[in-house]
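The structure under discussion appears below in the form of structure tokens.
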Protein chains: 2
Amino acid sequence: MPDPTLGLDSCSMRVIDEARVSAARAQLLPDGEIERLAQLFRLLGDPTRTRLLYALLEAGELCVCDLAAASETPETNVSHALRLLRTAGIVKARRDGRMMHYSLDDAHVRMLLDLSRDHLRHAGKE
Amino acid sequence: MPDPTLGLDSCSMRVIDEARVSAARAQLLPDGEIERLAQLFRLLGDPTRTRLLYALLEAGELCVCDLAAASETPETNVSHALRLLRTAGIVKARRDGRMMHYSLDDAHVRMLLDLSRDHLRHAGKE
DNA sequence: TCAATATATGATTAGCTATTCATATATTGA
DNA sequence: TCAATATATGAATAGCTAATCATATATTGA
């Protein structure tokens with residue numbers, strides 16, 4: 001994170017294309033939104049969580065132990081990972097007796113996962 | 001990363017819904033692809049880089065100093081960030097005299113950025 | 001060739017976080 | 001209520017990485 005005390009926007013920055021810069025700054029997302037976007041991507045950006053998410057994308061719903069088996073990940077890791085994803089509203093939990101069943105809870109995230117897989121498939125260039 | 005020496009897939013895992021688990025495992029992406037997907041998301045998941053990417057999404061193309069000004073980020077941070085994005089094929093560079101102009105280099109990433117912004121806009125529930 | 005400029009790279013460090021192991025909670029059936 | 005089971009949580013640590021400052025490279029014009 002840049003140090004806000006430096007007041008970068010009020011001094012000492014070179015600007016070449018002033019019109020384009022002020023246009024870009026006008027459209028610039030506020031810090032809060034940037035932070036939330038980055039947090040979303042960060043949550044998708046851990047291999048353990050990525051694996052869980054794609055498993056849920058395929059399976060629809062899985063209990064914790066099946067998620068562990070399907071993704072070859074220790075259950076405690078799965079549980080820790082699911083908590084982060086649940087808190088962020090990316091997955092949701094349904095209780096059934098002593099088991100918890102998890103599934104994806106966000107249509108946009110489903111699309112992100114799909115799109116990203118495509119990105120890899122047609123990898124390299126666009 | 002789970003410790004592969006544990007051989008989790010060959011022993012001691014509880015499975016409830018065997019059919020669903022083996023189906024999920026059959027569809028499971030190989031480790032290499034999971035790693036690449038996670039790496040892609042991780043690259044998008046840093047606020048500095050997120051800011052740069054959305055600035056480029058709006059502006060089309062910007063030189064390093066204009067990117068710094070538009071995103072209110074020290075130029076050296078911008079340069080470091082751009083190197084990672086360039087190496088990953090997410091942005092591309094064009095030289096013009098002593099300046100470098102950067103732009104997005106991947107259609108899927110452009111869609112990811114768009115989609116994610118929508119996710120925030122219609123935030124919360126799906 | 002030399003200074004100025006625009007960007008890139010290297011090295012260091014501080015902060016974060018995924019993993020691990022231990023323990024806790026919650027639910028069921030006896 | 002008690003043991004067993006399924007999941008969750010807590011705490012500690014090791015590894016990663018973004019930010020920083022110093023320095024290097026590349027291009028231009030004189």
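Just so you know, these numbers use all the heavy atoms, side chains as well, and skip hydrogens, waters and symmetry mates. Quick note on labels: first sequence line is chain A, next is B, and so on, each numbered from 1.
Within the 3.5 Å criterion, the main-chain N or O of I16(B) finds a donor-acceptor partner in the side chain of D66(A). Side chain of R95(A) to backbone of G97(A): a donor-acceptor contact under 3.5 angstrom is found. Counting only distance, with no hydrogens or angles, the side chain of R20(A) and the backbone of E61(B) share a donor-acceptor pair below 3.5 Å.
Computed from coordinates, the L82(B) CG to dA19(D) C1' distance equals 15 Å when rounded to whole Å. One can place CG of D46(A) at 9 Å from C1' of dT17(C), the figure rounded to the nearest angstrom. Between R94(B) atom CZ and dA26(D) atom P the separation is 20 Å, expressed in whole Å. Note: CD1 (I16(B)) to C1' (dT28(C)) measures 14 Å, nearest angstrom. The CG-C1' distance, from L67(A) to dA6(D), rounds to 13 Å in whole Å. When rounded to the nearest whole Å, the span between CG of D96(B) and P of dT7(C) equals 10 Å. Rounded to whole angstrom, the span from the CD atom of E75(A) across to the C1' atom of dT9(D) amounts to 15 Å. Between the CZ atom of R95(B) and the C1' atom of dA8(C) there is a distance of 10 Å, rounded to whole Å.
Comparing M100(B) and G97(A) by the nucleotide of DNA chain C that holds the closest heavy atom to each, the one mapping nearer the 5' end is M100(B). Nearest-nucleotide mapping onto DNA chain C: of A93(B) and R49(A), the residue sitting toward the 5' end is A93(B).
Of all nucleotides listed (dT5(D), dA8(D), dT7(C)), dT5(D) comes nearest to the side chain of R98(A). Here the side chain of M99(A) is nearest to one of dT7(C), dT9(C), dA6(D), namely dA6(D).
Side-chain N/O atoms of Y102(B) include one lying less than 4.0 angstrom from OP1 or OP2 on dA8(C). A sub-4.0 Å separation between OP1 or OP2 of dT9(D) and a side-chain N or O of S79(A) is absent. Phosphate proximity of dT20(C) to N77(A): present, with a side-chain N or O under 4.0 Å from OP1 or OP2. Distances shown here put every side-chain N or O of R83(B) at or beyond 4.0 Å from the OP1 or OP2 atom of dT7(C).
Between R51(A) and E72(A) there is no salt bridge, since none of the side-chain N atoms of the basic residue sits less than 4.0 Å from a carboxylate O of the acidic one. Remark: R42(A) engages E35(A) in a salt bridge, criterion side-chain N to carboxylate O under 4.0 Å. Salt bridge R86(B)/D105(B): absent, no basic N to carboxylate O contact under 4.0 Å.
Per the stacking criterion (ring centres < 5.5 Å, plane angle < 30°), H80(B) stacks onto the base of dT9(C).
If you check every strand for non-hydrogen atoms under 4.0 Å, L84(A) touches sugar and phosphate atoms only.
With hydrogens and angles left out, the side chain of T76(B) and the base of dT9(C) share a donor-acceptor pair within 3.5 Å.
The distance from the CG atom of D106(B) to the CE atom of M111(B) is 8.0 Å, given to the nearest 0.5 Å. How far CG of L28(A) is from CD of E33(A): 10.0 Å, rounded to the nearest 0.5 Å.
Annotated stems with DNA chain C as a participant read C:1-30 with D:1-30, given as range with range, by first number; only runs of 3 or more Watson-Crick or G-U pairs under 3.5 Å qualify.
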